[in-house]
Amino acid sequence: MIEKITELAKEILKNEKKINVAVDMTAGNGYDSKFILDELKATKLYAFDIQAKAKENTQKLIGNRENFTFILDSHENIDKYVKEKIDLAIYNLGYLPKADKNITTKKTSTINSLKKLLDLLNKDGKIFISVYPGHKEGKLEADALDAYLGNLDQKLFTVLKLSYPNQKNTPPYLNIISKK
């Protein structure tokens, strides 16, 4: 049974083939980064987070690898670090589990990073965004993302939204953007 939105994303991602460059836009504790490297066998992975604790947790989980670069900076600055085309990107929005819940992703930096990411995305590349609208900042971010994604050119991108309509208390959902 798939009960967590991140489990759903990983089940879908298992079908992805040949991922050269991937980006974990919100590294957190490093579980998505580890999945991308170990299960999807990405040739190169960049991971972003603004918190030193996230870097520490991710590095501890993953270790030193030649094909992995952790960037202690906002995903909004992706264009300063990533120059090649991207096959896959993952966002797991919200806050770092078991850390300060006041440090959270924000709608402005998320939308700005997404705009830059869409330009870097290869044809047939995908972006997975796990959205958590159950807290104040999360709701603002979710509304901004819904509006932005709803206006993407459908000749260039396909946007899929997967949710749990029978869950209470504003459940999380998953957006998948694919470049045509």
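Note: hydrogens, waters and symmetry copies are ignored here, and every other heavy atom, side chains too, is used. The structure displayed is predicted, hence computed values, not measured ones.
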### Query
Between K53 and E56, does a salt bridge (charged side-chain N to carboxylate O under 4.0 Å, His left out) hold up when you go through it step by step?
CA-CA 5 Å; K53 185 66 174 168; E56 178 185 320; 3.4 Å; yes
#### Entry: salt bridge (charged side-chain N to carboxylate O under 4.0 Å, His left out) assessment of D38 paired with R65
CA-CA 11 Å; D38 293 349; R65 300 188 193 195; 2.8 Å; yes
### Message
Tell me if a side-chain donor or acceptor on D87 pairs with a main-chain N or O of V21 at a distance below 3.5 Å.
### Response
yes
### Query
Is there a path from L93 to I12 through hydrophobic residues (I, L, V, M, F, W, Y) whose side chains come within less than 4.5 Å of each other?
no
### Task
For K60, look at atom NZ and say whether over 12 heavy atoms of other residues, nucleotides or ligands are found less than 6.0 Å away.
no
### Query
Do K180 and L156 come close enough that some side-chain heavy atom pair is under 4.5 Å?
no
### Message
Hydrophobic clustering (ILVMFWY, side-chain heavy atoms < 4.5 Å, transitive) - are L149 and Y91 grouped together?
### Response
yes
### Message
Strictly distance-based, threshold 3.5 Å: is any side-chain N or O of S33 a donor or acceptor partner for the main-chain N or O of A27?
### Response
no
### Query
In terms of hydrophobic clusters joined by side-chain contacts under 4.5 Å, are V23 and I71 together?
yes
### Message
If you define the side chain from C-beta out and look only at heavy atoms, does anything of L118 sit under 4.5 Å from F157?
### Response
yes
### Task
Using atom types as modelled and distance alone, determine if a side-chain donor or acceptor of S109 lies under 3.5 Å from a backbone N or O of K106.
yes
### Test side chain to side chain contact (heavy atoms under 4.5 Å, CB included) applied to N77 - qualifying residues, sequence neighbours left out
D73, S74, K80, Y81
### Query
CD1 of I19 to CG of L45: how many Å apart, nearest 0.5 Å?
10.0 Å
#### Entry: Side chains of K18 and N20, donor plus acceptor under 3.5 Å
yes
### Task
Indicate whether the side chain of D143 and that of Y148 have a donor and an acceptor atom separated by less than 3.5 Å.
no
### Task
Return yes when atom NZ of K139 has more than 12 non-hydrogen atoms of other residues, nucleotides or ligands closer than 6.0 Å, and no otherwise.
no
### Message
Do F70 and I62 make a side-chain contact, defined as non-hydrogen atoms from C-beta onward lying under 4.5 Å apart?
### Response
no
### Note, L160 side chain near N175 side chain (heavy atom, < 4.5 Å)
no
### Message
I'd like to check Q59 versus N64 (side-chain heavy atoms, cut-off strictly below 4.5 Å). Are they in contact?
### Response
yes
### Query
Do T69 and K44 have side chains that get closer than 4.5 Å, going by heavy atoms?
yes
### Query
Any side-chain donor-acceptor pair under 3.5 Å between T6 and Y31?
no
#### Entry: Short side-chain donor-acceptor distance under 3.5 Å, E141 and T110
yes
### Query
Is there a donor-acceptor pair closer than 3.5 Å between any side-chain N or O of T105 and the backbone N or O of G94?
yes
Side-chain donor-acceptor distances from residues 123-137 under 3.5 Å, at least two apart:
| from | atom 1 | to | atom 2 | distance (Å) |
| --- | --- | --- | --- | --- |
| Y132 | OH | N92 | OD1 | 2.9 |
| H135 | ND1 | G138 | N | 3.2 |

### Message
Let me check something: do L114 and L174 share a hydrophobic cluster, defined by ILVMFWY side-chain heavy atoms less than 4.5 Å apart, either directly or through other members?
### Response
no
### Query
Do T26 and D24 come close enough that some side-chain heavy atom pair is under 4.5 Å?
yes
### Query
Hey, is the main chain of N57 close enough, under 3.5 Å, to the side chain of N29 for a donor-acceptor pair?
no
## Note on the structure
Smallest heavy-atom separation, Y46 atom then E84 atom, equals OH-OE1, 3.0 Å
### Query
Which heavy atom of P172 sits nearest a heavy atom of Q167, and at what distance?
CD-OE1, 4.3 Å
